[in-house]
2 protein chains.
Amino acid sequence: MPSNKTTQCLAFEHHDHQRCQSRLLSAAKQLCHSQNIRLTERREQVLQILLQSHQPMGAYEILGQLNQNPDVSMVAPPIVYRALEFLLSVGLVHRIECKNAFIGCAHPGHASAAQFLICKGCEKVAELDNPTTSLQQEASQVGFMIDHSVVEITGLCAECQADG
Amino acid sequence: MPSNKTTQCLAFEHHDHQRCQSRLLSAAKQLCHSQNIRLTERREQVLQILLQSHQPMGAYEILGQLNQNPDVSMVAPPIVYRALEFLLSVGLVHRIECKNAFIGCAHPGHASAAQFLICKGCEKVAELDNPTTSLQQEASQVGFMIDHSVVEITGLCAECQADG
DNA sequence: TGGCATAATGTTATATTATAACGTAACTTA
DNA sequence: TAAGTTACGTTATAATATAACATTATGCCA
Ligand SMILES: [Zn+2]
Ligand SMILES: [Zn+2]
Ligand SMILES: [Zn+2]
Ligand SMILES: [Zn+2]
C-alpha cells in the first residue's frame with residue numbers, strides 16, 4: 001500500500017528507514033536553528049535513539065541505550081526525562097500515553113494535533129496529522145476550550161493482520 | 001447550558017449528583033446481574049468510590065479511601081488494581097491514560113468507544129459516547145483494524161473559562 | 001577579556017504507579 | 001462434601017517519574 005497525503009502511514013509500510021531517519025534529524029536541526037532554540041548533544045542523542053525505529057520507547061529504555069556506550073559514564077533518569085521534556089515542548093517528540101512511552105515526531109513543524117495508530121503486532125506507531133475537526137466541533141459545542149488532545153488507536157496494521 | 005443527546009456533558013453542568021451516583025450504581029448492579037458476572041463487595045466499594053465525583057482518581061487515592069475506615073484492616077495495592085481490572089473489563093470504569101487515573105463510566109452498557117473532555121481547571125472529566133466514525137474511516141483507509149481507542153481532550157470547561 | 005546571569009547537565013534520593021508470586025478464603029456445581 | 005474455580009489477601013519488588021541541589025556550559029554585556 002503506497003503512502004499518500006491523506007493517510008501518511010509510512011510507519012507500517014516498507015520504506016528506506018535510513019533516509020526517513022536522517023530526514024527527520026535534519027528537519028529537527030533546521031527547526032531548532034530557525035527558532036533559535038538549542039538542540040544540544042544530549043537532546044540530539046535522545047532524539048536519535050527515538051528515531052531509530054517507529055516503535056515507541058520507554059524512558060528507561062532510552063536510558064539503557066545512552067548507557068550502552070562503555071566509554072562514557074552512566075547517566076541517571078533525570079537526564080533522559082529532561083531531554084524528553086525539551087523535545088516534547090518543541091514538538092519533536094510525542095508521548096504515547098497508553099504505553100508511557102515516547103516516539104519521534106513524524107511530521108516536525110506540523111502544528112496540528114497528532115493522532116496515532118498503534119499496532120499490537122509489530123508495535124509500530126504511525127502518526128497521522130489530520131486536523132481532528134469533528135472532535136473540535138464536539139468540544140466547542142459544549143463550550144470546551146481545547147488545550148491538548150490525545151488520540152491513540154490500538155489495533156492491528158494491515159501487514160500484521162495478514163501474518164495472522 | 002442544558003444537557004442533550006448530542007453532547008452529554010453532564011459532568012461540567014450543575015446537577016443532582018446524588019441521583020447521578022445512585023443511578024450509575026443501580027445500572028452497574030443490573031448490568032452485572034443480567035450478564036451473570038459478580039459485582040462483589042470489594043468491586044462495588046471501588047466503584048462507589050469512583051462514582052463519588054466526576055474527577056478521575058489514581059489507584060493509590062482509591063486505596064487511601066478504602067483504608068480510611070479504621071474498623072477494617074488495611075488493604076494493599078493489588079486489591080485495588082484487581083477490582084479496577086474487573087471494572088474496566090466490564091466497562092463500568094474507564095482509564096484516563098494521560099493521568100494514570102480511573103473514572104466511573106458515565107454510560108454503562110453503551111459499547112461505543114468513549115471520548116473524554118478533561119478540564120484542567122476543575123479537573124472534572126466528561127464522557128462522550130459518540131461513535132468516532134471519522135477516525136474509524138481514517139483507520140480503515142489504511143487497512144488498520146481497530147481494537148481500542150483512547151481519545152482524551154484536555155482544556156477548560158465553559159465554567160472554568162468564565163472563572164478566569 | 002572578565003564577570004555575571006541564565007540555561008543545561010549531572011547526582012542523589014525518593015515519590016508514584018503497577019505487578020509478580022504465592023497463600024487463603026469463598027463460591028459453584030456435581 | 002469434595003473438587004474445581006474464582007476472588008481476595010499479603011509480601012515483595014518492578015517500572016515510571018520527579019524533587020532537590022550541585023556543577024558546568026553558554027550567552028551577554030561592561
Ligand atoms: Zn522510517
Ligand atoms: Zn503491525
Ligand atoms: Zn454527577
Ligand atoms: Zn472546569
Side-chain angles (χ1 to χ4, degrees), chain A residues 28-29 32-33 35-50 55-67 69-90 92-103 123 150 152, chain B residues 28-29 32-33 35-50 55-67 69-90 92-103 123 150 152:
Chain A
K29 285 179 179 169
C32 287
H33 186 259
Q35 294 192 20
N36 204 35
I37 48 184
R38 299 176 53 208
L39 185 61
T40 61
E41 198 178 337
R42 272 279 181 250
R43 291 163 176 177
E44 189 179 322
Q45 280 171 12
V46 169
L47 180 59
Q48 291 220 41
I49 287 170
L50 284 175
Q55 277 129 357
M57 293 179 77
Y60 280 75
E61 208 177 338
I62 297 168
L63 188 65
Q65 289 223 15
L66 280 177
N67 286 335
N69 187 342
D71 300 350
V72 296
S73 66
M74 299 278 272
V75 298
I79 300 293
V80 170
Y81 280 102
R82 280 195 292 235
L84 287 172
E85 185 182 18
F86 169 84
L87 295 166
L88 287 165
S89 74
V90 184
L92 289 172
V93 160
H94 297 292
R95 185 180 159 86
I96 303 297
E97 297 289 351
C98 69
K99 304 196 90 165
N100 292 335
F102 304 87
I103 192 161
E123 303 206 295
V150 171
E152 298 172 359
Chain B
K29 285 179 179 169
C32 287
H33 186 259
Q35 293 191 21
N36 203 34
I37 48 185
R38 298 175 56 207
L39 185 60
T40 62
E41 199 178 337
R42 272 281 180 248
R43 291 164 176 177
E44 189 180 321
Q45 279 171 12
V46 169
L47 180 59
Q48 292 219 40
I49 288 169
L50 285 174
Q55 278 128 358
M57 294 179 76
Y60 280 75
E61 209 178 338
I62 296 169
L63 188 64
Q65 288 224 16
L66 279 179
N67 287 335
N69 187 342
D71 300 348
V72 295
S73 66
M74 301 276 274
V75 298
I79 299 293
V80 170
Y81 281 102
R82 282 195 290 233
L84 288 171
E85 185 182 18
F86 169 84
L87 293 166
L88 287 165
S89 75
V90 184
L92 289 172
V93 159
H94 297 292
R95 185 181 161 86
I96 303 297
E97 298 290 352
C98 68
K99 305 197 88 163
N100 292 335
F102 304 87
I103 193 162
E123 304 205 295
V150 172
E152 298 173 359

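Because the structure is predicted, anything quoted here is derived from the model rather than measured. Within every chain, numbering begins at 1; the chains are lettered A, B, ... in the order of the sequence lines, protein sequences first and strands thereafter.
The shortest non-hydrogen separation linking Phe86(A) to Arg38(A) is CZ-O, 3.5 Å. Between Val46(A) and Leu87(A), the shortest heavy-atom distance links the atoms CG1-CD1, 3.8 Å. For Ala101(B) against Gly58(B), the heavy-atom pair with the smallest separation is CB-N, 4.1 Å.
With sequence neighbours excluded, no residue forms a salt bridge (Lys or Arg N to Asp or Glu O under 4.0 Å) with Arg42(A). With sequence neighbours excluded, the residues that form a side chain to side chain contact (heavy atoms under 4.5 Å, CB included) with Glu41(A) are Gln45(A). Qualifying side chain to side chain contact (heavy atoms under 4.5 Å, CB included) partners for Glu44(B), counting only residues two or more places apart in sequence or in other chains: Leu25(B), Lys29(B), Leu39(B), Gln48(B). With sequence neighbours excluded, the residues that form a side-chain hydrogen bond (donor to acceptor under 3.5 Å, both in side chains) with Asn100(B) are Arg95(B). Residues satisfying the salt bridge (Lys or Arg N to Asp or Glu O under 4.0 Å) criterion with Glu85(B), sequence neighbours excluded, are absent altogether. Considering only residues two or more places apart in sequence or on other chains, Asn36(B) meets the side chain to side chain contact (heavy atoms under 4.5 Å, CB included) condition with none of them. Ala59(A) pairs by the side chain to side chain contact (heavy atoms under 4.5 Å, CB included) definition with Val80(A), Tyr81(A), Leu84(A), Phe102(A), not counting sequence neighbours. Partners of Glu61(A) under the side-chain hydrogen bond (donor to acceptor under 3.5 Å, both in side chains) rule, at least two apart in sequence or in another chain, do not exist in this structure.
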Treating primed atoms plus P, OP1 and OP2 as sugar-phosphate and everything else as base, which nucleotides of nucleotides 15-20 of chain D get B, S or - for protein heavy atoms under 4.0 Å?
-BBBBB
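Residues Ala83(A) and Ala76(A) each lie close to DNA chain C; by heavy-atom proximity, the contact nearer the 5' end of the strand is made by Ala83(A).
The distance from atom CZ of Phe86(B) to atom C1' of dT6(D) is 11 Å, rounded to the nearest whole Å. Straight-line distance from the CG atom of Leu63(B) to the P atom of dT11(D): 14 Å, rounded to whole Å.
Protein chain A contacts DNA chain C from dA8(C) to dT12(C), reading 5' to 3' and using non-hydrogen atoms of the protein with a distance under 4.0 Å.
Interatomic distance, Leu92(B) CG to Leu47(B) CG, rounded to the nearest 0.5 Å: 6.0 Å. Atom CG in Leu50(B) sits 11.5 Å away from atom NE2 in His94(B) (nearest 0.5 Å).
Rotation axes derived from the C1' atoms of the five outermost pairs at either end of the helix from dT1(C)-dA30(D) to dA30(C)-dT1(D) lie 30° apart, to the nearest 10°.
For DNA chain D, the neighbouring residues in residues 36-43 of chain A, judged by any heavy atom under 4.0 Å, are Arg38(A).
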